[in-house]
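A quick write-up on the structure given underneath.
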Amino acid sequence: LAPPPASIHRSGHTIQARSAGSHPKPLHPVGVEVMAARGIDISGNTTKHLRRYARSHFDRVITLCDKVREVCPELPGDPTTAHWTLPDPAAEAADDRQTHAAFERTADDLEARVDQLIAHVFASQGGPTHAG
């Protein structure tokens, strides 16, 4: 539903994010490793089904894959929505080296998009103009 919890830190603790999926699976160990190398410990996180947030209010909802966009429930408060098409890094690769590279590309892409989102949110609210 939203960018990863790193956005809280990247936004100076002004933006809170939640994450959920339509078919949550355990965290991929390479994803945990790639995020740890970036200073973000997600090893204790658990995956959640998007039903968990069906009654929650959000300012923005961002879907990251076509499946979730199709099944994402309407959420209270008519949040602004966006869709960031991202390939599943776990499904992209055939060996460990390729898997690691796929997770790195996805992390780079998400980092850039989250930084842009944070800058946009701050600009629209008259707050700081850069993130990261």
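Computed from a prediction, not measured in an experiment: that's the story for all the values here.
Among residues at least two apart or in separate chains, salt bridge (charged side-chain N to carboxylate O under 4.0 Å, His left out) pairs with a member in residues 28-48 are R38-E104, R38-D108, R38-E111. Listed by first and then second residue, the salt bridge (charged side-chain N to carboxylate O under 4.0 Å, His left out) pairs involving residues 77-86 amount to none (not counting sequence neighbours).
No continuous path of hydrophobic side-chain contacts links V34 to W84 [ILVMFWY only; heavy atoms under 4.5 Å].
Side-chain atoms of L27 and T47, non-hydrogen and from C-beta on, do get closer than 4.5 Å to each other. V121 is listed as a side-chain neighbour of R60, based on a closest heavy-atom distance under 4.5 Å. Proximity of D96 to V30: side-chain heavy atoms (C-beta onward) are nowhere separated by under 4.5 Å. With contacts defined as side-chain heavy-atom distances shorter than 4.5 Å, the pair C72/V61 qualifies. Contact check for N45 versus V32: no side-chain heavy atoms found under the 4.5 Å cut-off.
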The test is side chain to side chain contact (heavy atoms under 4.5 Å, CB included); show your working for L64 and L110 and say whether it passes. CA-CA 10 Å; L64 301 180; L110 278 171; 4.2 Å; yes
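Between the CZ atom in R51 and the OG atom in S22 there is a gap of 10.0 Å [rounded to 0.5 Å]. From D88, atom CG reaches atom CZ of F103 across 6.5 Å, with rounding to the nearest 0.5 Å. A distance of 9.0 Å separates SG of C65 from CG of L86, quoted to the nearest 0.5 Å. Interatomic distance, I42 CD1 to H28 NE2, rounded to the nearest 0.5 Å: 11.5 Å.
S56 and P76 get closest at one heavy-atom pair: O-CD, 3.3 Å.
Partners of T80 according to the side-chain hydrogen bond (donor to acceptor under 3.5 Å, both in side chains) rule, which considers only residues two or more places apart in sequence or in another chain, do not exist here. Among residues two or more places apart in sequence or in another chain, the salt bridge (Lys or Arg N to Asp or Glu O under 4.0 Å) test is passed with D59 by none. With sequence neighbours left out, H49 forms a ring-ring contact (aromatic ring centres under 6.0 Å, His included) with no residue at all. Partners of Q98 by side chain to side chain contact (heavy atoms under 4.5 Å, CB included), not counting sequence neighbours, listed by chain and number: A93, A94, D95.
A salt bridge is defined here as a Lys NZ or Arg NE, NH1 or NH2 lying under 4.0 Å from an Asp or Glu carboxylate O, and D109 with R113 meets this definition.
In this model, no donor atom of one side chain and acceptor atom of the other lie less than 3.5 Å apart for T81 and H83.
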